[in-house]
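In what follows, a single structure is set out as structure tokens and then discussed.
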Amino acid sequence: MEHVKKVKRVKSVKRINQFLKWIKGYKLIFLISTILLIALQYFRTLSPLFIAHIIDAELDGLKSPLPTFMTSLFTGDTVKERLAIIALVYVSFTLFRVVIMFGRRMINAFFTESVAYHMRNTLYKKLQDLSFSYHTHAETGDLIQRCTTDVETYRVFVGEQLIEIFRLVFLIALTIYQMAKLNGVMTIYSVLITPVIFLTAFIYFKWVKKIFKRVEEAEAKMTTTLQESVTGIRVVKAFAKEKYEIEKFDADSKDYMKEDFHLLKLMAIYWGGTDVITFFQYAITIAAGIVLASTQDLTTGEYIAFLSYIGMIVWPLRQLGRIVQDFGKTTVALDRLDEIMLKESEHDGDSENHPPIKGGVEFRNVGFQFEDDNKPLLKGISFKVEPGESLAIVGKTGSGKSTLINLMIRLLDNQEGSILFDGVDIKDINKKHLRENVGIIMQEPFLYSRTLYDNIGIMDQNASEEKVYKAATIAALHEDILGFEGGYKTIVGERGVTLSGGQKQRVAIARMLLDSKPVLIFDDSLSAVDTETDIQIRRALSDYWKDTTVFIITHRITTAMEADKIIVLDKGDIVEMGTHKELLNQDGLYSELWDIQTNVEYDYKQTVKGVK
Ligand SMILES: Nc1ncnc2c1ncn2[C@@H]1O[C@H](COP(=O)(O)OP(=O)(O)OP(=O)(O)O)[C@@H](O)[C@H]1O
Ligand SMILES: [Mg+2]
């Protein structure tokens, strides 16, 4: 039993920390806001006492319930004069309250907006820092929802409701204090069944939290479906799968509706239920007041003040129930944010070593297996490339060529063996430094929805126009770009032109030309370009990158043959290694590919000639 209690306590400490960590840098401003709030609540509980004072002290000649710093202001010889002053004080007092209230709201607005701003940026940075494998498994729609809806849920909670908890708790406490000062017995009657409201809120909170989680999950699922089908709309249309997509979205949307409906039903029960309890509390207070007043135990002024005070307790309590309900929602949102924040960043424990990288690369017995795979994808991979050399990697689709590259820049980590850059194990090289020294032209390059110029210039924002044009020319792209109406200012992607696969690949190559790197990797990056253009580009590039170590992954033997060294990957192993000539003589996979491809090229050329 002790143990269970301890676990629970640890859990709630964790919760509080989880809650407060986002407002850490804003404690002072939060404190000021809270102090102003407490003062405001105290002023509020003084309000009903003005009427009690008028009735009891001025008219009936009894003791005043107002604090002396107030009553000392009420000078005057006649009741009339004093009433005028009381009215004046009351009006000034109310104005003063309004000014403080405004100030507090402004401070609070600044506080919440700053918190949300800080939160969004922290999350964004974390997303950038998370590993490649995290992102290959994370769902985009879900991540976006976490960074927007979940942040908003927290912002609303700390900005409007956390402070509201303080406000209500202080209001209730100060109200009870003022009531107790007026009349002890009557106070007991006035709060008699309020604990039931608390209890109801508590039970409801436990219940509703699970349902909130389900609602959030259903919403995330719906967002993901929406995001996927919109992104893939071309495929959807090309395969005439609109009906299927609509049905899928409809199912997700229905699930979301069901969960939300369930939640609304529970809310209706809660509000209705607490309404009844509130009604009973009013009834008890009214009845007790009449009885006590009839036996002279309660003055008229006090009775009126009590009727005011009861509202100051019961309404906040119900409000508290609602906040508790939002607290449930917020803890779910925070848990979801923590799922991102507590993930290990790929830079945690990273080496601080920045050795010079000249371009010598060596694989020593490298083995790699994906976590969700049952057998290794690569095993015992060993080869060595000297600075300035070129290496072609050939192999069937799915043989692990791109994976091998991902290992080289530590987007993935090999479980066996080691990879060395100029004799230094990459695990002892700072990741950022490593990646800055290796240029990759990806198999499926990603272009931003910006101008073509910006897309090329992304590698070097300070590059001169000439340099950008020259890069585009080497990549055999300049003519294509001038062919567009907007030239280099043409917007690419969703808001602009759709580039062909080959054009995209050439943008990716032009990008790389702006920045010189000791190691360059072409992951099938000219696959969508015709053979002639491929050769033309590569000729231009080989002059440009004379001293660069170049890795070329390709399915085209005519491309591979020009490399200093060629390796052939099959079933996780290097099955052949050598120069073009050596491999042709080996009668293996390479020469087989050579035969197929040269025959095809030959046939193709004959056909073209024939047609001409
Ligand atoms: N994140 C992952 N989790 C599990 N398996 C993966 C993951 N990424 C890739 N694979 C698998 O690893 C294998 C090798 O993939 P890889 O992309 O390295 O092949 P490739 O040789 O580059 O092929 P291609 O020539 O088609 O580009 C494939 O079977 C692929 O399905
Ligand atoms: Mg690949």
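Just follow the structure's listing: the first ligand is 1, and inside any ligand the first atom is 1. Just so you know, these numbers come straight off a predicted model, no measurement behind them. Throughout, residue positions are numbered sequentially from 1 according to the sequence presented.
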In ligand 1, the atoms that come under 4.0 Å of a heavy atom of T403 are 14 (C), 15 (O), 16 (P), 18 (O)
Whether T403 has an N, O or S atom under 2.8 Å from the Mg ion (ligand 2): no
Where the closest heavy atom to atom 29 (O) of ligand 1 is concerned, which of G395, S133, G398, G572 has it? G398
Salt-bridge criterion met for K517 and D515 (N-O under 4.0 Å): yes
Using a plain distance cutoff, I'd like to know if D524 has any nitrogen or oxygen under 3.5 Å from a nitrogen or oxygen of ligand 1. no
Yes or no, since that's all I need: does a protein heavy atom fall within a distance strictly under 4.0 Å of atom 31 (O) of ligand 1? no
Out of F132, F370, F368, whose heavy atom is nearest to atom 9 (C) of ligand 1? F370
Which atoms from ligand 1 have a heavy atom of H555 less than 4.0 Å away? 25 (O)
Atom 25 (O) of ligand 1: closest protein heavy atom, distance to 0.1 Å, is K401 NZ, 2.7 Å
Cationic N near anionic O, under 4.0 Å, K358 to D422: no
Check D338 with K21, please: is the shortest side-chain N to carboxylate O separation under 4.0 Å? yes
State whether K432 and E436 are salt-bridged, where the test is any N-O pair (Lys NZ or Arg NE/NH1/NH2 against Asp/Glu carboxylate O) under 4.0 Å. yes
May I ask you to check whether over 12 heavy atoms, not counting those of D530, lie within 6.0 Å of atom CG? yes
With side-chain contact (heavy atoms from CB on, under 4.5 Å) as the test, pick out the partner of F421 among T549, V519, N437. V519
Contact region, I553 to ligand 1, non-hydrogen atoms below 4.0 Å, reads neither
Report the nearest protein non-hydrogen atom to atom 27 (O) of ligand 1: residue, atom name, distance rounded to 0.1 Å. Q443 NE2, 2.6 Å
Heavy atom under 4.0 Å from ligand 1: found in D372's side chain, backbone, both, or neither? side chain
Under 3.5 Å between some N or O of ligand 1 and some N or O of D373? no
Give a yes or no answer on whether the side chain of H433 reaches the backbone of P355 with a donor-acceptor pair at less than 3.5 Å. yes
F132 and Y134 aromatic centres sub-6.0 Å: no
Which of E219, E247, M257, K221 passes side-chain contact (heavy atoms from CB on, under 4.5 Å) with D252? Answer is K221
Given the protein's heavy atoms, is any one of them under 4.0 Å from atom 2 (C) of ligand 1? yes
Protein contact of atom 26 (O) of ligand 1 - nearest heavy atom, named by residue and atom, plus distance: T397 OG1, 2.7 Å
So if I apply the side-chain contact (heavy atoms from CB on, under 4.5 Å) rule between L569 and each of L404, V575, V394, which one comes out positive? L404
How far is atom 17 (O) of ligand 1 from the closest protein heavy atom, and which atom is that? S402 CB, 3.6 Å
